[in-house]
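Take a look at the structure below.
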Amino acid sequence: MDPSVLPLVTLPGSDSLLDRTQAKLTHRLLKKLGAGLEVRVKGQGVWATRRGDTWAYWSLSQHDRSCRPREVPKEGQKVYSMGEFTKGMIDFMEKETGSPATSLWFCLGEKWPDPENRPWEKKLIMVEVTLTSLEILHQLAVQQGASSLHSEEVELQVSDNPSLLNYLLQSLDSMDTS
């Protein structure tokens, strides 16, 4: 198996849905999904490619309120960069920002983020792709004292061996972030 391709996931059918209208619409989307949606690691980024006739949209958050849909094109598109994640992790560990995203959210057949600001729970098919290696790096950062809870009252004592922050800073310097 090519390590740059994430594992194949088969979506469940619409037979178990009790709402017949929802079942019919979901079935129509799945039928037109064709060869699906491909998510792969390529170079220093994560790329998505739409393979069927069902439109696909993406975001880095399930609560994206930007109201600006981001389409996944048939020719593929970089949806996340390792440089962006690494910079976000450094800022997170230095307590300048919250945690960077470790998941991608895809919506099939409906615009996402929603132009009318409808929540993701109102969409027919939403797929979360958790980037496991990024999630593990996030957990290591938290174990070394990083937190989304910014407070001047908290003073953390962190061991410096090995220093994930130093490793990320070195990686960012050596990485082409363009």
Heavy atoms of Gln77 and Trp58 approach each other most closely as OE1-NE1, 3.9 Å
Separation of Thr97 OG1 from Lys87 NZ (nearest 0.5 Å): 8.0 Å
Please evaluate residues Phe85 and Leu131 with respect to the criterion side chain to side chain contact (heavy atoms under 4.5 Å, CB included), reporting the C-alpha separation (whole Å), side-chain torsions for both, the decisive distance (0.1 Å), and the verdict. CA-CA 11 Å; Phe85 174 79; Leu131 305 167; over 6 Å; no
Nearest heavy-atom approach of Thr130 to Ser103 is OG1-OG, 3.3 Å
Please tell me whether Ile90 and Met82 are part of a single hydrophobic cluster in this structure, the criterion being side-chain heavy atoms less than 4.5 Å apart. yes
In terms of hydrophobic clustering (I, L, V, M, F, W, Y; side-chain heavy atoms under 4.5 Å; direct or indirect links), are Val127 and Val79 co-clustered? yes
Crowding at NZ, Lys31 (>12 non-hydrogen neighbours, <6.0 Å): no
Residue pair Tyr57 / Arg70, side-chain heavy-atom distance below 4.5 Å: no
Shortest non-hydrogen contact from Cys67 toward Pro113: N-CB, 4.0 Å
Consider only side-chain heavy atoms of I, L, V, M, F, W and Y, link residues closer than 4.5 Å, and tell whether Trp112 and Val72 are in one cluster. no
With sequence neighbours left out, the residues meeting side-chain hydrogen bond (donor to acceptor under 3.5 Å, both in side chains) with Ser66 are Asp64
Please tell me if the side chains of Arg50 and Glu71 come closer than 4.5 Å, counting only heavy atoms from C-beta onward. yes
Close side-chain approach of Leu29 to Thr26, heavy-atom, < 4.5 Å: no
Any side-chain donor paired with an acceptor under 3.5 Å for Glu135 and Thr102? yes
Might you point out which heavy atoms bring Ala141 and Met89 nearest each other, and give the distance in Å? CB-CE, 3.3 Å
CD (Gln62) and CD (Glu128) are apart, to the nearest 0.5 Å, by 6.5 Å
Leu124 versus Leu108: any side-chain heavy-atom pair under 4.5 Å? no
Under the rule for ring pair (Phe, Tyr, Trp, His ring centres under 6.0 Å), what residues qualify as partners of Trp105, not counting sequence neighbours? Trp120
List the atom of His27, the atom of Ser14, and the distance in Å for their closest heavy-atom pair. CB-OG, 3.3 Å
Rounded to the nearest 0.5 Å, how far does OG1 of Thr49 lie from NZ of Lys74? 11.5 Å
When you group the ILVMFWY residues by side-chain heavy-atom contacts below 4.5 Å and let the links chain together, are Leu17 and Leu25 in the same group? no
Check whether any side-chain heavy atom of Lys24 sits under 4.5 Å from a side-chain heavy atom of Arg20, and report yes or no. no
Is there side-chain contact between Lys111 and Glu116, with heavy atoms separated by less than 4.5 Å? no
From Asn117 atom CG to Lys122 atom NZ, the distance as rounded to the nearest 0.5 Å: 13.5 Å
Can you see whether His138 engages Ser99 through a side-chain donor-acceptor pair at a distance of less than 3.5 angstrom? yes
Give the intermediate values and the outcome of side chain to side chain contact (heavy atoms under 4.5 Å, CB included) for residues Glu110 and Thr54. CA-CA 9 Å; Glu110 298 176 88; Thr54 296; over 6 Å; no
Nearest heavy-atom contact between Ser61 and His63 is OG-N, 2.9 Å
If two hydrophobic side chains count as joined below 4.5 Å and joins carry through other members, does Leu60 share a cluster with Val46? yes
Are the side chains of Leu33 and Ile125 in touch, meaning some heavy atoms are under 4.5 Å apart? no
Does a side-chain heavy-atom distance below 4.5 Å link Asp114 with Lys123? yes
